[in-house]
Amino acid sequence: MTVKTLTYIVSAAAILAGSELVEAQSREDGGYYVSGFAGLAFQSDNTNTPTNGVGNTIELDYDSGYSIGGSFGYKLPSSSLFSGVRLELEASYREGDVDVSGFNETGDTSSFGVLANVLYDFDEIASDFFVPYIGFGVGLGGVESDVFLDLPDSTNTSVTQQFGGSTRTQFLYQGIVGASFPISDSFDLFIDGRYFSAGNVEFDLVDPTNSETPFDSDYDVIQVQAGFRFHF
């Protein structure tokens, strides 16, 4: 091997190493990213109580459903006072089918929301393959229940009634625990679990004459999902 050839190899290696160092430093110093995710959504069973005290409570159970969404975010640089913090704007949707029981139910309950998330990457305990994180988000969205029940009317005749009514606009919040798995300097895979809630929701029981009876309800979902994150 000639000195000239060796010089070329060393120079190329130095350029490649410098490029990797710049990319790694750029990644460490934060920046913008986009992400997408999908997974399972487990809506909690609920007891629905008539707000006027007239009528019976309605117990609804739910099968496992799905969640899907994406976000646009920014990670603060390591030199900042809030190193490790990520800020996100997320849009997400989740849906779960009602589980048939005594009321011969059909239909589903779903929600769409836009949330602002604050997350923290534990960079100080991270490895090259694993970065744990936690987070919290708040926002607004719509919760909709399109559940149909066979219930007795005033003459004790079984008729199909809708439980839900129009879409409710609700304050939303969620807690997040997860881990990122860096694949390259610009691409991550991640898995996380989320507790998502719209708090107390008021739905209506709508009979065939369009008479509405308001019910106090709630909407809480556990999500387990996986996704990708692209840094640019």
Side-chain angles (χ1 to χ4, degrees), residues 6-42 66-94 111-141 170-199 220-232:
L6 182 59
T7 301
Y8 284 149
I9 294 174
V10 172
S11 298
I15 292 172
L16 181 60
S19 174
E20 292 294 326
L21 180 61
V22 168
E23 288 185 5
Q25 184 67 32
S26 175
R27 174 66 170 277
E28 181 183 345
D29 282 347
Y32 294 98
Y33 63 86
V34 293
S35 68
F37 59 82
L40 296 175
F42 305 94
Y66 68 91
S67 62
I68 188 170
S71 66
F72 176 78
Y74 177 76
K75 182 171 182 177
L76 277 63
S78 58
S79 58
S80 73
L81 180 62
F82 300 101
S83 174
V85 172
R86 290 188 281 122
L87 306 175
E88 283 186 353
L89 185 64
E90 170 196 321
S92 55
Y93 176 84
R94 58 213 52 79
S111 67
F112 174 81
V114 176
L115 299 98
N117 299 325
V118 179
L119 303 106
Y120 179 75
D121 289 332
F122 291 94
D123 292 329
E124 65 275 11
I125 61 173
S127 69
D128 293 337
F129 308 102
F130 177 82
V131 183
Y133 62 86
I134 60 173
F136 183 80
V138 295
L140 288 174
Q170 295 287 129
F171 172 77
L172 310 172
Y173 63 91
Q174 65 178 349
I176 307 167
V177 177
S180 301
F181 303 91
I183 303 302
S184 70
D185 289 319
S186 57
F187 190 79
D188 297 339
L189 296 179
F190 65 87
I191 298 174
D192 64 36
R194 306 188 179 199
Y195 172 75
F196 177 94
S197 180
D220 303 296
V221 182
I222 298 293
Q223 298 175 205
V224 180
Q225 53 205 21
F228 69 89
R229 190 179 300 117
F230 179 74
H231 302 257
F232 56 91

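All figures in this text were calculated on a predicted structure; none of them were measured in a lab.
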Nearest 0.5 Å please: distance from the [atom1] atom of [X] over to the [atom2] atom of [Y].
X: Arg94; Y: Ile68; atom1: CZ; atom2: CD1; answer: 11.0 Å
X: Leu115; Y: Phe171; atom1: CG; atom2: CZ; answer: 8.5 Å
X: Leu87; Y: Leu76; atom1: CG; atom2: CG; answer: 5.5 Å
X: Glu90; Y: Asn117; atom1: CD; atom2: CG; answer: 5.0 Å
X: Ser71; Y: Leu89; atom1: OG; atom2: CG; answer: 8.5 Å
X: Phe196; Y: Ile176; atom1: CZ; atom2: CD1; answer: 10.5 Å

Specify the closest pair of heavy atoms between [X] and [Y], including all atoms of both residues, with the distance to one decimal.
X: Leu172; Y: Phe112; answer: CD1-O, 4.4 Å
X: Asp188; Y: Pro182; answer: OD1-CA, 3.4 Å
X: Tyr66; Y: Tyr93; answer: OH-CE2, 3.4 Å

(request) Using distance alone, with no hydrogens and no angle criterion, decide if Gln174 and Gln223 have a side-chain donor and acceptor under 3.5 Å apart. (result)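 Per modelled atom types, Gln174 and Gln223 side chains form no pair under 3.5 Å.
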Can you confirm whether the side chains of Ser78 and Ser83 place a donor and an acceptor under 3.5 Å from each other?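 No donor-acceptor contact under 3.5 Å links the two side chains.
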Open item on the list: When you compare the side chain of Val131 with that of Asp123, does any pair of heavy atoms fall below 4.5 Å?
Closed with: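 A side-chain contact under 4.5 Å exists here.
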What residues, two or more places apart in sequence or in another chain, satisfy side-chain contact (heavy atoms from CB on, under 4.5 Å) together with Val224?
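Counting only residues at least two positions away or on another chain, Val224 forms a side-chain contact (heavy atoms from CB on, under 4.5 Å) with Phe42.
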According to side-chain contact (heavy atoms from CB on, under 4.5 Å), who are the partners of Ser197, at least two apart in sequence or on a separate chain?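 For Ser197 the side-chain contact (heavy atoms from CB on, under 4.5 Å) partners, ignoring immediate neighbours, are Tyr173, Tyr195, Asp220.
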**Item:** Test ring pair (Phe, Tyr, Trp, His ring centres under 6.0 Å) applied to Phe37 - qualifying residues, sequence neighbours left out
**Value:**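 Counting only residues at least two positions away or on another chain, Phe37 forms no ring pair (Phe, Tyr, Trp, His ring centres under 6.0 Å).
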Output every pair passing side chain to side chain donor-acceptor pair (under 3.5 Å) with a member in residues 127-138, not counting sequence neighbours, ordered by first then second residue.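 Side chain to side chain donor-acceptor pair (under 3.5 Å) check on residues 127-138 returns Tyr133-Asp192.
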- prompt: Under 6.0 Å between ring centres, would you say that holds for Phe122 and Tyr120?
  reply: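 Yes, close enough.
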Task: Ring-ring centroid check Tyr74 Tyr32, cutoff 6.0 Å - done: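 Centroid distance Tyr74-Tyr32: below 6.0 Å, so yes.
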* To do: Can you sort out the partners of Arg86 under salt bridge (Lys or Arg N to Asp or Glu O under 4.0 Å), two or more places apart, ordered by chain and number?
  =>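 Partners of Arg86 by the salt bridge (Lys or Arg N to Asp or Glu O under 4.0 Å) criterion, ordered by chain and then number, come out as Glu88, Asp121.
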Margin query: Using a 6.0 Å cut-off, check whether atom CZ of Phe129 has over 12 heavy atoms from anything other than its own residue.
Written below: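 No, CZ of Phe129 has 12 or fewer neighbouring heavy atoms, counting only those of other groups under 6.0 Å.
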Q) Quick check: are there more than 12 heavy atoms from other residues, nucleotides or ligands sitting under 6.0 Å from CZ of Phe72? A)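 Atom CZ in Phe72 is crowded, with more than 12 foreign heavy atoms closer than 6.0 Å.
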*Set of side chain to side chain donor-acceptor pair (under 3.5 Å) partners for Ser180, sequence neighbours left out*: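 Partners of Ser180 under the side chain to side chain donor-acceptor pair (under 3.5 Å) test: Arg229.
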As a quick check of understanding, evaluate side chain to side chain contact (heavy atoms under 4.5 Å, CB included) for Ile183 and Leu189, giving each step before the final call. CA-CA 7 Å; Ile183 303 302; Leu189 296 179; 3.9 Å; yes
Could you walk me through whether Phe230 and Ser35 satisfy the side chain to side chain contact (heavy atoms under 4.5 Å, CB included) test, starting with their C-alpha distance in whole Å, then the side-chain angles of each, then the deciding distance to 0.1 Å, before giving a yes or no?
CA-CA 6 Å; Phe230 179 74; Ser35 68; over 6 Å; no
